[in-house]
Amino acid sequence: MKDSRIRGAEIVIKSLVAENSEYIFGYPGGAIMPVYDALYDYADQIKHVLTRHEQGAIHAAQGYARVSGKVGVCMATSGPGATNLITGIADAMIDSTPLVCITGQVASPLLGTDAFQETDVVGFSMPGTKWNIQVRRVEDIAPAIAKGFHIARSGRPGPVLIDITKDAQNDLGEFNYVPCLGIRSYRPYPKVKESQVAKAAEVINSAKKPYVLYGQGVVIGKAEEELKAFLDKTGIPAACTLLGSGALSEDHPQYVGKLGMHGNYAPNLLTNQCDVLIAIGMRFDDRVTGDLKRYAKQAKVVHLELDNAEIDKNVKAEVAILGNCKESLPMLTQKVNENSHEEWLKEFRKLEEKEKSAVVSLDLLPTKSGLTMGEVIRYINDYKKDDAILVTDVGQHQMIAWRYFKYKTSRTQVTSGGLGTMGFSLPAALGAQLADLNRQVVCVVGDGGIQMTIQELGTIMQTQSPVKVVLLNNNFLGMVRQWQQLFFDKRYSFTELDNPDFIKIAEAYNMKTSKVTERDDLRDSVAEMMIHDGPYFLEVVVEKEDNVFPMIPTGCSVEEVRLS
């Protein structure tokens, strides 16, 4: 009688196929080699993307997850392969990105012996994962993967790590995959309390100057239409966080801009003048609030949030509505009065004009000789489609791109928010592109960040993903330099970069390239890039010492936002 058992390594792959995983982003090595051997026979059922570094693999998985809304999958070997995932794991945790990370581990008898490439990745990753586990028996592989996918995607999403010993991968076992539909004591979606909704509606209905702040929770909860319905009925002005961008079209008449350290002038300043602050799917990050002791003290706060740990963590709520905003927002919309706040909205528009005059005009229609980052984004807007995806790295270019990119639809903003991971954008753009090959993906990156993961140009080459890479090159670590200029007496300590010839590097990876140093060439180069059928690398040499404004200096109140 034929033995129906299969190796644990094959169980790993069959489990991923059972979860309808489309891609694995990974890098092979000794302790995960049995799984890669099993993968050889499943190339028609699941695609593998060979990145050039494990950090590239996890950032690519993040980009894929953020655009697709599905669980991203990455894979690495033990030791340095596993530890190279840690930065991405921490990034995914703070930005609520659903991932399943699978790592190989030395054989069970060698655990604790300091064997070659043995590291305690479960211990290393425990604070940064939503759940992790080490699997030492073949029969535990499929249940662990099923549980991992359920935890990663449910409730407030996050990364899961499954570390599998080499003997478990090689041992024989029966494959019987049972999707995980629930875990005892784990309640990812709290039941919305109608009494809290009623209290919130009462507070909102009595408000003279109500103000909505919405975050990525709206996107994760797929509550974009519910947010729009609430705003349409109430007439309340609304501003977004960095990761909430795109949840509401910027064409909406009540959209008033972006929050945070380098957000818009009016949304920050008027936070301390509203009487009711309605926070939807956002966690009151310090980059949004500034000095908490002086943040919205005059306002009653209504907080719609899925994660109970975020309630009252930073800002005390008058009324908290715990639950998925896709469920709670319609309940709230039903109870609030139909209203209009035109006079209140005019206060935002008045300050908006002030910002346009003092900042926006200088960024987008500059009079100085050198190119600005803002005018590059302006031309990208001219040639992008409404559903184009912006992927940014971390620094000045990130803030400028965020400020001026026109977000029309959801899941068009991919960046490292809470962790601020330089090197994120290039691999994340690859993952974002593979999530939807029919959409434009524009990767905007600085000359500092790109050199942290520049090898992933090789992955773009190998996959022929039509990512458009826009390098804004100022030969500085720009954001650090800006702080040194403003707060450290222009003592530019180790922030100026001697850069390589980026065009030669991109050409070595068989990419179509262009370099712009003159304003007259910019529009045509951007247009050529956006219509090019394939990957493209555009380098734009910009002003060396340009700054990003508005700005709320660290430790200051939101009402101390500076225009210069």
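The analysis underlying the following values was restricted to heavy atoms, covering all of them including side chains, and did not include hydrogens, waters or symmetry mates. As the structure is a computational prediction, the values presented were derived from the model and not from experiment.
Residues His48 and Phe25 place their aromatic rings such that the two centres sit no closer than 6.0 Å. Taking the six-membered ring where the residue is Trp, the centroids of Phe348 and Tyr211 are separated by under 6.0 Å.
Comment: Asp382 does not engage Arg378 in a salt bridge, judged by the lack of any side-chain N to carboxylate O separation of less than 4.0 angstrom. Between Arg481 and Glu496 there is no salt bridge, since no side-chain N of the basic residue sits under 4.0 Å from a carboxylate O of the acidic one. A salt bridge links Glu310 with Arg156: the distance from a Lys NZ or Arg NE/NH1/NH2 to an Asp or Glu carboxylate oxygen falls below 4.0 Å. Here Arg283 pairs with Asp285 in a salt bridge; the nearest charged N to carboxylate O distance falls below 4.0 Å. Under a 4.0 Å N-O distance rule, the pair Arg519/Glu375 qualifies as a salt bridge. Between Lys350 and Glu347 no salt bridge is recorded (no basic side-chain N to carboxylate O distance below 4.0 Å). Salt-bridge annotation for Lys228 and Glu225: absent, with no side-chain N of the basic residue lying under 4.0 Å from a carboxylate O of the acidic one.
Judged purely by distance below 3.5 Å, without hydrogens or angles, the side chains of Gln485 and Asn547 pair a donor atom with an acceptor atom. When only modelled atom types and interatomic distance are considered, Tyr407 and Gln413 share a side-chain donor-acceptor pair under 3.5 Å. Counting only N and O atoms by type, the side chains of Asp489 and Gln484 include no donor and acceptor under 3.5 Å apart. Between the side chains of Gln482 and Gln396, a donor-acceptor pair is found at a separation under 3.5 Å. Side chains of Trp402 and Ser245: a donor-acceptor N/O pair is present below 3.5 angstrom, by distance only. For the residue pair Gln55 and Thr87, no side-chain donor N or O sits within less than 3.5 Å of a side-chain acceptor on the partner. Between the side chains of Glu528 and Tyr383, no donor N or O sits under 3.5 Å from an acceptor N or O. Neither side chain, Gln398 nor Asp393, offers a donor N or O lying under 3.5 Å from an acceptor on the other. Residues Glu22 and Tyr64 have side chains that bring a donor and an acceptor to within less than 3.5 angstrom of each other. A side-chain donor-acceptor contact under 3.5 Å links Tyr404 and Asp363.
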Evaluation steps, side chain to side chain contact (heavy atoms under 4.5 Å, CB included), between Glu305 and Ile280: CA-CA 6 Å; Glu305 174 59 49; Ile280 304 173; over 6 Å; no
Residues Met399, Leu242; criterion side chain to side chain contact (heavy atoms under 4.5 Å, CB included); working and verdict: CA-CA 9 Å; Met399 294 293 98; Leu242 176 66; 4.1 Å; yes
Val302 vs Leu277, side chain to side chain contact (heavy atoms under 4.5 Å, CB included): CA-CA, chis, key distance, verdict: CA-CA 6 Å; Val302 175; Leu277 194 65; over 6 Å; no
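The shortest distance between side-chain heavy atoms of Leu538 and Val526 falls below 4.5 Å. Within the 4.5 Å cutoff, no side-chain heavy atoms of Glu250 are placed close to those of Lys408. At a threshold of 4.5 Å between non-hydrogen side-chain atoms, the residues Glu355 and Leu563 count as touching. For the pair Phe424 and Gln62, the minimum side-chain heavy-atom distance is below 4.5 Å. Side-chain atoms of Thr372 and Val542, non-hydrogen and from C-beta on, never get closer than 4.5 Å to each other. The shortest distance between side-chain heavy atoms of Asn84 and His53 falls below 4.5 Å. Residues Thr51 and Glu456 meet the side-chain proximity criterion, which asks for heavy atoms closer than 4.5 Å. A 4.5 Å side-chain heavy-atom check between Val442 and Ile389 finds every atom pair outside the cut-off.
Around atom CZ of Arg52, more than 12 heavy atoms belonging to other residues, nucleotides or ligands sit under 6.0 Å away. Within a 6.0 Å sphere centred on OH of Tyr27, heavy atoms belonging to other residues, nucleotides or ligands number 12 at most. No more than 12 heavy atoms of other residues, nucleotides or ligands sit less than 6.0 Å from atom CZ of Phe488. By the 6.0 Å contact criterion, CG on Asp533 is open, its count of non-hydrogen atoms from other residues, nucleotides or ligands being 12 or less. Heavy atoms from other residues, nucleotides or ligands lying under 6.0 Å from NZ of Lys313 number more than 12.
Each of Thr392, Asp91, Thr97 was scored for a side-chain hydrogen bond (donor to acceptor under 3.5 Å, both in side chains) with Ser416, with one residue passing: Asp91.
For the pair Lys47 and Tyr23, the cation-pi criterion (under 6.0 Å, within 45° of the ring axis) is fulfilled. Geometrically, Arg523 does not engage Tyr379 in a cation-pi contact defined by less than 6.0 Å to the ring centre and at most 45° from the axis. With Phe537 as the aromatic partner, Lys515 does not meet the cation-pi criteria of under 6.0 angstrom to the ring centre and within 45 degrees of the ring axis.
When all heavy atoms of Phe487 and Pro553 are compared, the closest pair comes out as CZ-CB, 3.8 Å. For Thr415 against Asp95, the heavy-atom pair with the smallest separation is O-OD2, 3.7 Å.
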